[in-house]
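Residue numbers start from 1 in every chain, and the chains themselves are labelled A, B, ... in the order their sequence lines are given, proteins ahead of strands. What's counted below: heavy atoms across the whole structure, side chains too, no hydrogens, waters or symmetry copies.
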Amino acid sequence: MNRFYQWPGHGWLALAARWYLGWVFLFACFHKILHPASFALDIATYDILPLSLVNLMAIMLPWAELAAGLLLVLGWRARAAALVVAGMMVMFVVSLLLALNAGLDMSCGCFASQAAQDQDPINGMTVLRDLGWLALALYVVIFDRVPLGIDRLRKQRSEKDV
Amino acid sequence: MSMRAKKGSSFGGTCLVCLRDAALISTLASVLGLMVNLVHPEGISLVAQQEYQTMVPCPVFGGEVQKLTPHDPSLVKKTTFLIDAREASVFDDWSLRGAVNVTFDYLDPTPPEVILELAQKIASSRAQRVVVFGDGARPDTGEQLGRDIAGHGIKNVHYVEGGAPALRAQKEKL
């Protein structure tokens with residue numbers, strides 16, 4: 001197990017996972033940042049959060065997605081960014097399961113608003129997709145010990161200094 | 001043993017740093033979001049002032065209905081009982097010959113006694129199938145009323161894909 005953990009190939013696999021997740025999140029945050037009111041409606045449609053928290057979530061969540069996406073792509077504080085992504089994925093999966101359990105026929109709101117229900121309806125596949133992304137994020141958190149990117153450059157520089 | 005303990009503590013330390021950084025990233029990003037929201041042309045209030053009007057179709061209850069195309073030959077058969085689910089005003093304007101008007105309203109479900117009366121009419125007509133057509137929108141009033149009717153024990157209920165607009169276009173084409 002320890003040998004598997006130490007395998008040097010993890011860095012490259014994690015790089016692919018990070019870039020994939022990073023671009024997904026950068027793409028996902030775009031419409032939410034531009035149209036917070038529309039995203040707030042998406043959140044309200046899930047009928048999970050109290051009304052007092054809907055707008056706050058609509059304002060803050062897309063920026064967390066943007067930050068996590070950027071950091072994953074750049075490889076700076078990449079494991080922490082992946083942990084943020086993992087936390088968000090857990091939240092999304094729970095929300096999707098609650099919505100599916102309530103029988104709501106709605107858009108996921110992940111990449112577009114409720115107006116685009118045909119493009120991204122919630123179903124079992126949406127849950128599986130999010131679980132896949134959760135697994136990728138956890139892989140980065142656990143196995144990407146010195147992430148390729150700014151993190152690795154900084155580590156190499158600090159080792160030289162020592 | 002000491003080596004193991006050292007490794008363990010190092011891993012724990014990494015986890016703590018990771019958690020701390022994750023909290024920092026989330027906090028800074030959230031603060032940035034709040035600040036941008038102040039100057040965003042489409043910025044919203046921090047707390048919603050009134051309930052959001054969410055329109056999500058509720059789970060569909062009722063019986064099974066089958067879909068028919070607007071040019072299905074069974075539509076013109078004498079053994080077909082036709083029901084127009086649209087409002088009376090548009091029904092008066094145009095409908096299929098022989099169709100009965102039972103308006104379907106999402107906010108005001110069809111009363112059971114109306115469905116019962118309809119079932120008696122269907123039975124006395126000796127029809128072999130029931131075809132409901134509505135506004136053809138999404139969701140379609142024809143399909144919804146069809147489910148209502150099928151849910152009350154009436155068998156062989158169909159709805160027309162595209163509803164009355166599709167039927168009318170088909171008739172005009174002919």
A:Asn55 and B:Leu46: CA distance, side-chain angles, deciding distance, side-chain contact (heavy atoms from CB on, under 4.5 Å) verdict: CA-CA 6 Å; A:Asn55 281 13; B:Leu46 295 187; 5.8 Å; no
Please determine whether the number of non-hydrogen atoms from other residues, nucleotides or ligands lying under 6.0 Å from atom [atom1] of [X] exceeds 12.
X: A:Trp12; atom1: CH2; value: no
X: A:Phe30; atom1: CZ; value: no
X: B:Asn156; atom1: CG; value: yes
X: B:Tyr106; atom1: OH; value: yes
X: B:Glu51; atom1: CD; value: no

Close side-chain approach of B:Glu42 and A:Leu34, heavy atoms under 4.5 Å: no
Flag side-chain contact, heavy atom, 4.5 Å: A:Leu56 against B:Val47: no
If Ile, Leu, Val, Met, Phe, Trp and Tyr residues are connected whenever their side-chain heavy atoms lie under 4.5 Å apart, and connections chain through other members, are [X] and [Y] in the same group?
X: A:Val73; Y: A:Trp63; answer: yes
X: B:Phe104; Y: B:Leu167; answer: no
X: B:Ile149; Y: B:Val131; answer: no
X: A:Leu98; Y: A:Leu61; answer: yes
X: A:Trp19; Y: A:Val84; answer: no

Residues in residues 19-29 of chain B near chain A [non-hydrogen atoms, under 4.5 Å]: B:Leu19, B:Asp21, B:Ala22, B:Ile25, B:Ser26, B:Ala29
Heavy-atom contacts under 4.5 Å, residues 31-41 of chain B to chain A: B:Leu32, B:Gly33, B:Leu34, B:Val36, B:Asn37, B:His40
Rounded distance (nearest 0.5 Å) linking atom CD1 of A:Ile59 with atom OG of B:Ser45: 7.0 Å
Chain B contact via A:Ala82 - side chain, backbone, both or neither, heavy atoms under 4.5 Å: neither
Under 3.5 Å side-chain donor-acceptor pair for B:Tyr52 and A:Asp42: no
Part of B:Gln50 lying under 4.5 Å from any heavy atom of chain A: backbone
